[in-house]
Every structure is written in structure tokens, then in C-alpha cells.
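Notes follow once the structure below has been shown.
These numbers come from the heavy atoms of this one structure, side chains and all, not from hydrogens, waters or symmetry mates. Just so you know, these numbers come straight off a predicted model, no measurement behind them. Throughout, numbering of the chain's residues begins at 1 and tracks the sequence.
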Amino acid sequence: MLQDENKALVREMIEIMFNQGDVHRANEFLSSDFIENEELPPGVPAGREGVKFLTGMLHAAFPDFRATIEDLIAEDDKVVIRMTWTGTHEGEFMGIPPTGSRVSFGVFDIVRIVDDMVVEHWGQMDNMGLMQQLGVVPAPGEG
């Protein structure tokens, strides 16, 4: 069943690229014409090079970074992933010096898969929650 194969591909990609931080294997999962539909921070390259860059940046800032899959839903050529990302802020992250804070925030991704390769991505992450945990933005009821 195609949906099961697509889900297995996504699980493997998340484990290898995000949890193990092996961005050098990105070309095994992301097509050469990969399209990124998520708004990226300034200076991040487009396409699969952007995914490599961001993954490397996450691991530099949060050496114990972990993506935990909470839900994985597949239909036709798309897979929806709901994850919790966690890590300890031990390196600079987007200009924010290390805080030593342990963070946990939600991420939703949709990927489109063609011929066993991810060809397109849409995503949303809880940037506000992350910034609050890093102390950059006051949490509700603070300050």
C-alpha cells in the first residue's frame, strides 16, 4: 500500500536527518527539484539545501535535538506529520545566545512524495512558544 510506504519513508527521513542530524543523506529523501513552501528565515537557501542548512542550524543550537512523531497520517501522495521537537539551547540560534533552556514545541508538516522522494513541503511550527521558552518573548502573564 502506497500510503504505508510513504509513512515509512517519512519516519526514516525524520530519524536519519533530524534525530541523527545526518544532513549529508538528505539527497536520499529530498528530490533535486524539492519545493519548500514554508516561509524560511532570511539567508536560508531554497530547496533541499535550505533543509540541510536549517537541520544543521538546529543541531548546532540544540545538540540534543529530538523530533518525536505524535501523529503520522497518509493519503494519496501526501503525509501529514505532527511532531514535538525538544532540545537544550546550548548554541546560538538565529542570533539568540545560548540560554541553557530546555525547550519543547509543536511542529506540523505536510510532505508530498513522488517515486519514493519528497518533492514538496509545507510546515508550521510554534515559533512563539519557542521564543517564549528561550526568554526572547514574554510568556502570557509575564512582564
Side-chain angles (χ1 to χ4, degrees), residues 3-75 77-143:
Q3 287 85 3
D4 291 336
E5 291 170 16
N6 287 348
K7 286 165 62 172
L9 175 75
V10 167
R11 280 187 193 281
E12 182 181 15
M13 177 181 70
I14 289 169
E15 182 57 34
I16 289 170
M17 289 179 54
F18 290 92
N19 291 335
Q20 296 174 15
D22 192 351
V23 297
H24 302 293
R25 292 185 58 192
N27 296 0
E28 295 176 26
F29 302 102
L30 307 175
S31 71
S32 59
D33 58 349
F34 172 80
I35 299 168
E36 177 60 79
N37 292 296
E38 185 173 357
E39 187 173 336
L40 299 174
V44 175
R48 69 181 176 192
E49 291 307 311
V51 176
K52 293 177 190 179
F53 181 89
L54 286 170
T55 304
M57 184 174 72
L58 280 169
H59 278 272
F62 305 93
D64 60 345
F65 177 84
R66 182 91 184 142
T68 301
I69 297 172
E70 308 292 352
D71 288 301
L72 196 61
I73 302 163
E75 186 173 326
D77 63 350
K78 291 191 178 84
V79 177
V80 178
I81 313 108
R82 182 177 68 88
M83 292 178 279
T84 301
W85 286 7
T86 57
T88 307
H89 186 211
E90 296 179 2
E92 184 177 308
F93 180 68
M94 299 181 69
I96 304 165
T99 63
S101 297
R102 180 94 178 131
V103 299
S104 178
F105 55 98
V107 175
F108 286 89
D109 287 308
I110 301 172
V111 295
R112 187 168 65 88
I113 299 171
V114 176
D115 296 328
D116 297 322
M117 297 292 283
V118 176
V119 298
E120 197 164 8
H121 169 261
W122 299 262
Q124 292 286 317
M125 62 184 265
D126 182 8
N127 290 314
M128 180 65 78
L130 173 59
M131 292 299 132
Q132 288 172 336
Q133 292 173 65
L134 294 177
V136 177
V137 174
E142 288 183 1

Grab the two heavy atoms, one from [X] and one from [Y], that are nearest each other, plus how far apart they are.
X    : Y    : result
W85  : L58  : CZ3-CD1, 3.6 Å
P98  : H89  : CA-CE1, 3.6 Å
V103 : Q133 : CA-OE1, 3.0 Å
N19  : A67  : OD1-N, 2.6 Å
E90  : P63  : OE1-CG, 3.6 Å
D116 : L9   : O-CD2, 3.7 Å

What's the spacing between [X] [atom1] and [Y] [atom2] if we round to 0.5 Å?
X    : Y   : atom1 : atom2 : result
D4   : L72 : CG    : CG    : 10.0 Å
D71  : M83 : CG    : CE    : 11.0 Å
M117 : F34 : CE    : CZ    : 10.5 Å
D22  : E28 : CG    : CD    : 8.0 Å
I81  : M13 : CD1   : CE    : 6.0 Å
M131 : M94 : CE    : CE    : 6.0 Å

Would E15 and R66 pass as an ion pair if we require N to O under 4.0 Å?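 Salt bridge flag = yes for R66 with E15.
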So among V119, V10, D77, which one has a side chain to side chain contact (heavy atoms under 4.5 Å, CB included) with I113?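 Option passing the side chain to side chain contact (heavy atoms under 4.5 Å, CB included) with I113: V10.
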Just do the side-chain contact (heavy atoms from CB on, under 4.5 Å) check on N27 and K52 with the steps written out, would you? CA-CA 10 Å; N27 296 0; K52 293 177 190 179; 3.1 Å; yes
[X] side chain near [Y] side chain, heavy-atom distance below 4.5 Å:
X    : Y   : value
L130 : F93 : yes
H121 : L30 : no
D115 : S31 : no

Is it the case that more than 12 heavy atoms not belonging to E92 sit under 6.0 Å from its CD atom?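 Buried by this count: over 12 neighbours within 6.0 Å.
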Heavy-atom count around D33 CG within 6.0 Å, excluding the residue itself: above 12?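 Yes, because the 6.0 Å sphere around CG of D33 holds more than 12 heavy atoms from other groups.
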Look only at the side chain of [X] and the backbone of [Y], and say whether a donor-acceptor pair between them is shorter than 3.5 Å.
X    : Y    : answer
E12  : A8   : no
H59  : F18  : yes
D126 : F105 : no

Check side chain to side chain contact (heavy atoms under 4.5 Å, CB included) between F53 and all other residues, then give those that pass, not counting sequence neighbours.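 By the side chain to side chain contact (heavy atoms under 4.5 Å, CB included) rule, F53 matches V44, P45, M57.
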My understanding is that only residues two or more places apart in sequence, or in another chain, count here; which of them pass side chain to side chain contact (heavy atoms under 4.5 Å, CB included) with I110?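 Side chain to side chain contact (heavy atoms under 4.5 Å, CB included) check on I110 returns K78, V80, W122.
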Any luck finding a side-chain donor-acceptor pair between E70 and T84 under 3.5 Å?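 Result is yes, a qualifying pair exists.
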